[in-house]
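Letters A, B, ... mirror the listed sequences (proteins, then strands); counts begin at 1. These values consider heavy atoms only, across backbone and side chains, with no hydrogens, waters or symmetry-generated copies.
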There are 2 protein chains.
Amino acid sequence: MTRSTDLTTAELRVLKALWEVDRGTVADVRAELARRGQDLAYTTVMTLLGRLAAKAAVLVDREREPFVYRAAQRRESVLRDRLREFVREVFDGKADSLVLNLVADESLSHADLKAIERRIAEAEVHPPPPLEPITPTGKLPKKGRR
Amino acid sequence: MTRSTDLTTAELRVLKALWEVDRGTVADVRAELARRGQDLAYTTVMTLLGRLAAKAAVLVDREREPFVYRAAQRRESVLRDRLREFVREVFDGKADSLVLNLVADESLSHADLKAIERRIAEAEVHPPPPLEPITPTGKLPKKGRR
DNA sequence: GTTGGATTACTACAGACGTAGTTACCGCGG
DNA sequence: CCGCGGTAACTACGTCTGTAGTAATCCAAC
């Protein structure tokens, strides 16, 4: 079995838009995607959300129309799974090699590394507070419409 | 255009096997893949090598049969492109976020990070020696057969 | 009431993918 | 000389992907 999970890139883009709005209708997600420069047909977004629902990646509240969607898992969790898979497939599981390449590629500076270390050191001292590293979290709710 | 480049995962696996043997025939590559647990039909490997050649990812010496293939680019270079793409698509270009997640996922330890820093510090002092970080390089030539 | 915009459920589809079968050669061992 | 294993060139194909069109509803403003 190919793990019913495993999102495609198009699906991931939609899911990311959904995380951004936190919860929303097809129209909401579509608008968020548009804001990101992805102009898709209304039905395309619906198809994608449908596939995501089929993969249990998003939950749908069909109580009343229009249906409201929201991600089934936290962003961190999904991205981390993706990352793990990537490290395995491309870098043979060698995470350090990956980081070394990030640096060589200048995607990451020495300063960034230090900042990360500092971050970790703090986390190790204080009791693990939010549990999740503060990644690219989104702005505010920003619903609108309806 | 979808950049004639952009290897699929199956193609990447083949390319990685090719790097491992450095240069070789379809049979050589197939054997290396088998060693890695990927048993593919001879023709499948040929198809994949053909597609890689079409994408200019591998060079073919058709002087005499059986043809000899070899990667067109260094491993580091290709993996790095992949990585860059991944960081952009999944982590919105935020490399530090990616690393933070590697740590949180325990794919990377604090010690690994320090080792990397040390590595960089050295590289900054000494004149950049080999230019490429010593990543998952392969064993020895190991041809055999033929 | 009628109609038009919003919405959902299906269907469509071309192109990419992963794998492999078929056909045609070709040189070597018998 | 002949057949066979190794090889190259094509063809095949079921799936998956990304995108979207169509049909059927529903509700609110005329």
Side-chain angles (χ1 to χ4, degrees), chain A residues 1-18 23-31 33-34 36-55 57-69 82 85 89-90 143-146, chain B residues 1-18 23-31 33-34 36-55 57-69 82 85 89-90 143-146:
Chain A
M1 62 208 107
T2 325
R3 169 67 101 280
S4 81
T5 322
D6 276 13
L7 314 182
T8 67
T9 57
E11 287 163 0
L12 183 61
R13 277 194 293 273
V14 169
L15 186 52
K16 284 170 76 170
L18 184 53
R23 53 177 33 260
T25 65
V26 172
D28 293 334
V29 174
R30 176 154 181 261
L33 284 167
R36 308 180 167 210
Q38 267 268 303
D39 288 296
L40 295 178
Y42 184 96
T43 51
T44 298
V45 177
M46 182 143 36
T47 297
L48 258 3
L49 279 171
R51 290 181 183 172
L52 281 168
K55 293 181 178 180
V58 305
L59 303 175
V60 195
D61 174 7
R62 297 166 195 276
E63 280 317 292
R64 73 200 93 288
E65 295 190 348
F67 300 166
V68 175
Y69 297 77
R82 275 250 158 178
E85 172 66 8
E89 280 284 317
V90 180
K143 295 272 305 201
R145 184 194 111 61
R146 163 156 253 46
Chain B
M1 60 211 109
T2 324
R3 171 68 99 282
S4 80
T5 321
D6 276 13
L7 313 183
T8 67
T9 57
E11 286 164 358
L12 183 60
R13 277 193 293 272
V14 169
L15 187 52
K16 283 169 79 170
L18 184 54
R23 52 179 30 260
T25 65
V26 172
D28 293 335
V29 174
R30 177 156 182 259
L33 284 167
R36 309 182 166 207
Q38 267 269 305
D39 287 296
L40 295 178
Y42 183 96
T43 52
T44 297
V45 177
M46 184 144 43
T47 297
L48 259 1
L49 278 171
R51 290 180 182 170
L52 281 167
K55 292 181 178 179
V58 305
L59 303 176
V60 195
D61 173 6
R62 296 169 197 273
E63 280 317 294
R64 72 199 94 289
E65 294 190 349
F67 302 166
V68 175
Y69 298 77
R82 273 271 208 207
E85 172 66 8
E89 281 283 319
V90 180
K143 295 274 303 202
R145 185 194 109 61
R146 160 158 253 51

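Both A:Arg51 and A:Phe67 sit near DNA chain C, but only A:Phe67 has its closest nucleotide nearer the 5' end.
As rounded to whole Å, 8 Å separates atom C1' of C:dT19 from atom CG of B:Leu40. In this structure, B:Leu52 places its CG atom 13 Å from P of C:dT19, rounding to the nearest Å. B:Asp6 places its CG atom 18 Å from the P atom of C:dG15, with the value rounded to the nearest Å. Taking atom CD of B:Glu65 as the reference point, atom C1' of D:dG5 lies 14 Å away to the nearest angstrom. Rounded to an integer number of Å, the gap from B:Asp39 CG to C:dA20 C1' is 14 Å. Taking atom CG of B:Asp28 as the reference point, atom P of D:dA8 lies 11 Å away to the nearest angstrom. The nearest whole Å value for the distance from the OH atom in A:Tyr69 to the P atom in C:dT8 is 6 Å. Nucleotide D:dG18 holds its P atom 10 Å from the CD atom of A:Gln38, rounded to whole Å.
Using a 4.0 Å cut-off, no side-chain N or O of B:Thr8 falls inside it from OP1 or OP2 of C:dA16. Dashed line: the shortest gap from a side-chain N or O of B:Tyr42 to OP1 or OP2 of D:dA8 is under 4.0 Å. Close to D:dT17, at under 4.0 Å from its OP1 or OP2, lies no side-chain N or O of A:Arg13.
Across all strands shown, A:Leu48 has heavy atoms under 4.0 Å from base atoms, whether or not it also approaches the sugar-phosphate. At the heavy-atom level, A:Arg62 lies under 4.0 Å from the strands shown only through sugar-phosphate atoms. Looking at heavy-atom distances under 4.0 Å, B:Thr44 makes contact with a base.
Residues A:Glu11 and A:Lys55 have side chains in contact (heavy-atom distance under 4.5 Å, counting atoms from C-beta outward). In this structure, the side chains of A:Val29 and A:Tyr69 stay at 4.5 Å or more apart for every pair of heavy atoms. In this structure the side chain of A:Arg13 never reaches within 4.5 angstrom of the side chain of A:Arg36, judged on heavy atoms. For the pair A:Leu7 and A:Arg82, the minimum side-chain heavy-atom distance is below 4.5 Å.
Comparing D:dG18, C:dT7, D:dT19 by their closest approach to the side chain of A:Thr9 singles out D:dG18. The side chain of A:Ala41 sits closest to D:dA20 out of D:dT19, D:dA20, C:dT8.
Here CG of A:Leu48 is found 7.0 Å from CG of A:Leu40. Values are rounded to the nearest 0.5 Å.
Donor-acceptor pairing under 3.5 Å, judged by distance alone, is absent between the side chain of B:Thr43 and the base of D:dA8.
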